[in-house]
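To start, the structure itself, in structure tokens.
Naming convention: chains lettered A, B, ... in sequence-line order (proteins, then strands); numbering from 1 in each chain.
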There are 2 protein chains.
Amino acid sequence: MLTIGKLGEAAGVKVPTIRYYEQIGLLPEAERSAGNQRLYGRKAQERLAFIRHARDLGFTLEAIRDLLSLSDRPDQSCAAADAIAKAQLAEVESRLARLTALKAELERMVVQCAGGKIADCRVIEVLGDHSLCATDHRHPETEATQ
Amino acid sequence: MLTIGKLGEAAGVKVPTIRYYEQIGLLPEAERSAGNQRLYGRKAQERLAFIRHARDLGFTLEAIRDLLSLSDRPDQSCAAADAIAKAQLAEVESRLARLTALKAELERMVVQCAGGKIADCRVIEVLGDHSLCATDHRHPETEATQ
DNA sequence: CCTAATGTCTCTAGCAACTATAGCTTCAAG
DNA sequence: CTTGAAGCTATAGTTGCTAGAGACATTAGG
């Protein structure tokens with residue numbers, strides 16, 4: 001059995017984050033030692049690794065909650081899991097497209113800056129006037145973290 | 001002079017967001033009408049457009065605060081503005097790289113899912129075991145919004 | 001066996017950048 | 001003159017954590 005610190009080290013997750021996951025019900029309430037400290041077995045370790053990995057892939061905690069409850073029912077169809085992953089892929093692709101446009105615009109800005117005075121600065125000028133932009137990078141939909 | 005609603009419409013910014021920007025000092029306190037409603041002139045409109053555009057390009061409010069105070073001093077060197085833009089470009093490039101790796105991994109996951117039962121689902125399986133991954137997408141640095 | 005240094009406990013508050021709600025006042029149209 | 005939209009303030013909620021305070025538990029060394 002691992003203490004919370006060892007578990008965190010093993011999974012690459014900070015201790016308060018583990019307690020937070022428990023608090024929001026993503027991890028079950030841990031067993032406690034005689035002195036009221038949390039103890040974790042292999043199942044908890046796997047579950048935390050799952051969460052960590054899904055977070056690394058950009059899934060929201062809500063999506064992970066769904067994925068976890070799906071993985072608890074191995075005999076069901078995996079269509080739902082597939083749909084969640086596809087949605088995440090679509091999300092990533094859309095952010096990728098957007099970021100690519102941003103990158104182009106920022107590069108243009110930076111390259112054009114001649115390094116003189118603010119009054120002649122392309123960076124400031126372009127920021128003040130979207131019509132100077134080549135691409136349409138106007139914030140298209142709501143974005144998540146990362 | 002525009003009311004806050006008209007200003008928001010013109011700039012593509014929601015009304016509470018404008019009030020929020022004023023609250024955190026990104027916009028100056030607006031003039032008020034006899035009935036205590038905010039009124040905005042062209043200068044405020046330009047400033048808001050600047051903020052909006054910079055937000056669209058992914059700059060943080062903190063960076064925008066700096067850029068705005070730079071743009072208020074036209075005779076100074078634009079090196080600082082250039083540096084902020086370059087930092088933002090670097091940030092975008094790093095997120096782009098990360099998202100590209102995520103996309104590849106998600107695609108692999110989704111493609112391999114045969115659409116059977118959860119027990120055989122590649123999506124669930126891969127999430128549970130990072131060593132099944134082709135790329136190393138482990139969260140490398142702290143990420144900002146978008 | 002005692003002490004000091006960690007580690008863990010709970011609880012609360014904070015971060016970015018808004019968004020939403022409640023309960024009120026003001027304004028513009030008919 | 002009335003009604004409905006738009007404005008006002010103030011507070012709380014969102015996501016996914018992170019940081020702090022103050023108290024208890026555990027462990028390594030002397």
Checklist line | Separation of atom CD1 in Ile64(B) from atom C1' in dA16(C), rounded to whole Å | finding: 12 Å

Notebook entry, point to check: So does Thr17(A) get a side-chain nitrogen or oxygen closer than 4.0 Å to the phosphate oxygens (OP1/OP2) of dT18(D)?
Noted result: yes

Next item on the list: Might you point out which heavy atoms bring Ser71(A) and Ile118(B) nearest each other, and give the distance in Å?
Entry: CA-CG2, 4.0 Å

Item checked: Shortest non-hydrogen contact from Pro74(A) toward Lys117(B) -> O-CB, 3.8 Å

Note to self: Checking the side chain of His53(B) only, and the main-chain atoms of Leu127(A) only, is there a donor and an acceptor separated by less than 3.5 Å?
What the structure shows: yes

Check: Nearest-Å distance, CG (Leu48(A)) to P (dC17(D))?
Finding: 11 Å

Find every protein N or O atom lying less than 3.5 Å from an N or O atom of nucleotides 6-9 of chain C, and list the pairs.
| unit_1 | atom_1 | unit_2 | atom_2 | d |
| --- | --- | --- | --- | --- |
| dT8(C) | OP1 | Thr3(A) | OG1 | 2.9 |
| dT8(C) | OP1 | Gly5(A) | N | 2.9 |
| dC9(C) | OP1 | Arg38(A) | N | 2.6 |
| dC9(C) | OP1 | Arg38(A) | NH1 | 3.1 |
| dC9(C) | OP2 | Arg19(A) | NH1 | 2.4 |
| dC9(C) | OP2 | Arg38(A) | NH1 | 3.3 |
| dC9(C) | O3' | Arg32(A) | NH1 | 3.4 |

Next item on the list: Take atom OH of Tyr20(A) and atom P of dT12(C), then tell me their distance rounded to the nearest Å.
Entry: 17 Å

Check: Separation of Asp56(B) atom CG from dA17(C) atom P, in whole Å?
Finding: 14 Å

Item checked: Non-neighbouring partners of Tyr40(B) that pass side-chain contact (heavy atoms from CB on, under 4.5 Å), sequence neighbours left out -> Ile4(B), Leu7(B), Ile18(B), Glu22(B), Ala30(B), Arg38(B), Ala44(B)

Checklist line | Sole residue of Glu93(A), Glu91(A), Arg98(A) in side-chain contact (heavy atoms from CB on, under 4.5 Å) with Arg95(A) | finding: Glu91(A)

Check: So does Glu31(A) have more than 12 non-hydrogen atoms from other groups sitting under 6.0 Å from CD?
Finding: no

Next item on the list: For Arg42(A), look at atom CZ and say whether over 12 heavy atoms of other residues, nucleotides or ligands are found less than 6.0 Å away.
Entry: no

Next item on the list: Mind calculating the distance between CZ (Arg65(B)) and P (dA17(C)) to the nearest angstrom?
Entry: 10 Å

Next item on the list: Please report, rounded to the nearest Å, how far the P atom of dG14(C) is from the CD1 atom of Ile24(B).
Entry: 17 Å

Notebook entry, point to check: Hey, is Arg65(A) close enough to Glu62(A) for a salt bridge, meaning N to O under 4.0 Å?
Noted result: yes

Check: Between atom CD1 in Ile18(A) and atom P in dC17(D), what is the gap in whole Å?
Finding: 12 Å

Next item on the list: Take atom OH of Tyr21(B) and atom P of dA16(C), then tell me their distance rounded to the nearest Å.
Entry: 13 Å

Note to self: For Leu61(B) and Ala34(B), find the nucleotide of DNA chain C closest to each by heavy atoms; which residue's nucleotide sits nearer the 5' end?
What the structure shows: Leu61(B)

Check: To the nearest 10 degrees, what angle separates the axes at the start and end of the helix from dC1(C)-dG30(D) to dG30(C)-dC1(D), five pairs each?
Finding: 0°

Margin query: For a quick test of reading the model: is some side-chain N or O of Lys14(A) closer than 4.0 Å to OP1 or OP2 of dC17(D)?
Written below: no

Item checked: Side-chain ion pair, Glu125(B) and Arg122(B), N-O less than 4.0 Å -> yes

